Amino acid sequence: MILTDTVEAIAEELFAAEAEIQEIDTFVDRYPELDTNLAYKVQERLIGMKCTRQKTRVRGHKLGLTSVAKQKMMGVHEPLYGVLLDDMELDQHEPISLQPFIHAKIEPEIAFVFERDIKGPVSVPEVLTATAYVMPAFEIIDSRYRDFKFTLPDVIADNASSSRFILGDRIENIDNLDLKVIGSVFKKNGQVMATGTGASVMGHPARAVAWMVNKLAERGQFVKAGEIVLSGALTEAFRIEKNDVFSVGFDGLGAVQVVFTT
Ligand code: OOG
Ligand code: MG
């Protein structure tokens, strides 16, 4: 089979798995040609299908596996990136139904928005000076793969397990905030599940952003002004059960809380 057929077949299977809320087998054994590079091509094709068929648009980008906690949890020791779409955003004040998910998990993140386009090569200080504002955030991830298990090319193809995201209030002035040392407390139903600091994310969340921007540049892509970038979970992710309430509080960034139903 030629590579464009592989890309098309994998993207179709991933699209259907999400639409039908059905977990599927990973692809690396079935398509030995699926390496990281081809996997990003699948991701791009999958995003194209979603934009056309779901009439949605690109809203930003996400990083994944940028913390040791997440890399250990998933057994994948390299970061990756994916795309956020308009229809993935949920409101922090609306209860969230678990109906659309296969086996969703939730994780705390710091979100960035930039005042101008940023193209690689870019440094950490350049990312910070281009930042318009940051927000505390939750990401809901939902792997399309059986038992939430995958290799790096599989999870890249699956748009980095993207499913939904929830943003807190904006912090416009980050000059007096050191994102590296801010602490976060992640709670489920009032109980502390995990804590983290900005430094958990590749030493500094802006370093994760710079890493992605530089990777995007290799593919001729960039982050546009106004797009949202999720810099990756600070802690491990937790499985969401019906009626769970999750909150995350960050020093100096405020908090986000989300309530799930059935
Ligand atoms: C891959 C996505 C990881 C993060 O923030 O680490 C991610 C996964 O764990 O399913 O979004
Ligand atoms: Mg994440």
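Counting from 1, the numbers follow the sequence of the chain as shown. For ligands, and for the atoms within them, numbers begin at 1 and follow the listed sequence. Keep in mind that this is a model prediction, so the values were computed, not measured.
Atom CZ of Arg57 has 12 or fewer heavy atoms from other residues, nucleotides or ligands within 6.0 Å. Heavy-atom neighbours of Asp86 CG from other residues, nucleotides or ligands within 6.0 Å: above the threshold of 12.
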### Task
Assess whether salt bridge (Lys or Arg N to Asp or Glu O under 4.0 Å) is satisfied between Glu139 and Lys62, documenting all intermediate values.
CA-CA 9 Å; Glu139 182 178 23; Lys62 64 160 283 184; 2.9 Å; yes
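For ligand 1, the 4.0 Å heavy-atom shell takes in Lys62, Leu63, Gly64, Leu65, Lys70, Met74, Glu107, Glu109, Glu139, Ile141, Phe148, Phe150, Val155, Ala160, Ser161, Gly232, Ala233, ordered by chain and residue number.
Ring geometry, Phe186 versus Phe246: the interplanar angle falls from 30° to 60°, so the pair is classed tilted.
Ring centers of Tyr81 and Tyr40: under 6.0 Å apart, within the cut-off. Ring pair Phe260/Phe101: centre-to-centre distance not below 6.0 Å.
Sorting the N, O or S atoms of Glu107 by how far they are from the Mg ion (ligand 2) puts OE2 first. The minimum distance between the Mg ion (ligand 2) and any N, O or S atom of Glu109 involves atom OE2. No other N/O/S atom of Glu139 lies as close to the Mg ion (ligand 2) as OE1 does.
Linking ILVMFWY residues whenever their side-chain heavy atoms come closer than 4.5 Å, directly or via other members, places Met135 and Leu85 in the same cluster.
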